[in-house]
Amino acid sequence: MGDARVGRFRKHFPTYVYQNISACLKERQGVGAVILTCCAIDTLARYAAAGKNLRGNKAQYIHFVRNYFPPEYDPEFFYKIVRCGLVHAFDMERQFAILCSNETWAQELHLKSPPGIKRTIINPYPLMRHMKRAQKKLADDLDGDKEFRRAFVKVYKGSPIRPQHYRREQVLRWLEKSKNDG
């Protein structure tokens, strides 16, 4: 039986993380969807590193992609060019290009370099699907390993998944209340 925090992780990660990525996909904002997915993988990697001797974000990220993503991903190259390239410099060094399409043919091009195209395609739809599977596998691993779960709980306590925004109505109520109290 898993800890309640694993249950919250199972519930809150999709609620607070997938929603934002899905909003980008709905608007065909592939770059934004890939950046948010890379950030979400960072979070999953930090949790997956609980209790392991992995120092630093890079080592955690590479370990997570290697162990939780399909073998088509080159963890070090993906970290360096896609994750760091987009998050820090908004540039994938002409190595990758994002194709934001949910059509089958476009999803089949994910992590491939089609003839006539000099870059490897990143499609955020399969990327997000792979991240969802990785998150589920991580939660399953936590349920099945008591020591790993204990280490995870320590990390999760310090940085749980929670909403990163306020709703407009919520802020208006607070402003109105503070105006009336003041």
Is the shortest side-chain N to carboxylate O distance from [X] to [Y] below 4.0 Å?
X	Y	value
Glu76	Arg66	yes
Glu147	Arg150	yes
Asp141	Lys137	yes

Check whether [X] and [Y] end up in the same hydrophobic cluster, where Ile, Leu, Val, Met, Phe, Trp and Tyr are linked by side-chain heavy atoms less than 4.5 Å apart.
X	Y	answer
Val82	Ile117	no
Ile121	Phe77	no
Ile98	Trp105	no

Side-chain contact, heavy-atom cut-off 4.5 Å: [X] with [Y]?
X	Y	result
Tyr125	Ser101	no
Tyr61	Cys38	yes
Leu111	Ile122	yes
Arg10	Asp143	yes
Arg83	Asp42	yes
Phe13	Leu138	no

Atom [atom1] of [X] and atom [atom2] of [Y]: how far apart are they, to the nearest 0.5 Å?
X	Y	atom1	atom2	answer
Leu36	Met131	CG	CE	9.0 Å
Phe78	Met92	CZ	CE	9.0 Å
Asp91	Ile81	CG	CD1	8.5 Å
Asp140	Asp145	CG	CG	12.5 Å
His88	Ile35	NE2	CD1	10.5 Å
Thr15	Arg8	OG1	CZ	13.0 Å

List the steps, then state whether side-chain contact (heavy atoms from CB on, under 4.5 Å) holds for Arg149 with Val6.
-> CA-CA 8 Å; Arg149 187 170 52 252; Val6 175; 3.8 Å; yes

Establish, yes or no, whether the cationic atom of Lys52 lies under 6.0 Å from the six-membered ring centre of Phe148 and within 45° of the ring axis.
-> yes

Would you sort out whether Phe96 and Leu86 count as a side-chain contact (heavy atoms from CB on, under 4.5 Å), showing the intermediate values?
-> CA-CA 10 Å; Phe96 291 91; Leu86 280 178; over 6 Å; no

Would you check if the distance from the ring center of [X] to the ring center of [Y] is below 6.0 Å?
X	Y	value
His63	Tyr79	no
Tyr73	Phe64	no
Phe152	Phe9	yes

Would you tabulate the side-chain donor-acceptor contacts of residues 18-27 under 3.5 Å, counting partners in other chains and residues two or more places apart, or write 'none'?
| from | atom 1 | to | atom 2 | distance (Å) |
| --- | --- | --- | --- | --- |
| Tyr18 | OH | Gln135 | OE1 | 3.1 |
| Asn20 | ND2 | Tyr16 | O | 2.7 |
| Ser22 | OG | Tyr18 | O | 3.0 |

Could you walk me through whether Glu176 and Leu172 pass the side-chain contact (heavy atoms from CB on, under 4.5 Å) test, one step at a time?
-> CA-CA 6 Å; Glu176 187 62 34; Leu172 288 173; over 6 Å; no

What's the verdict on side-chain contact (heavy atoms from CB on, under 4.5 Å) for Lys118 and Arg94, showing C-alpha distance, side-chain angles and the deciding distance?
-> CA-CA 8 Å; Lys118 296 178 181 171; Arg94 298 180 189 236; over 6 Å; no

Minimum heavy-atom distance between Asn123 and His110, given as atom pair plus value | N-ND1, 2.9 Å

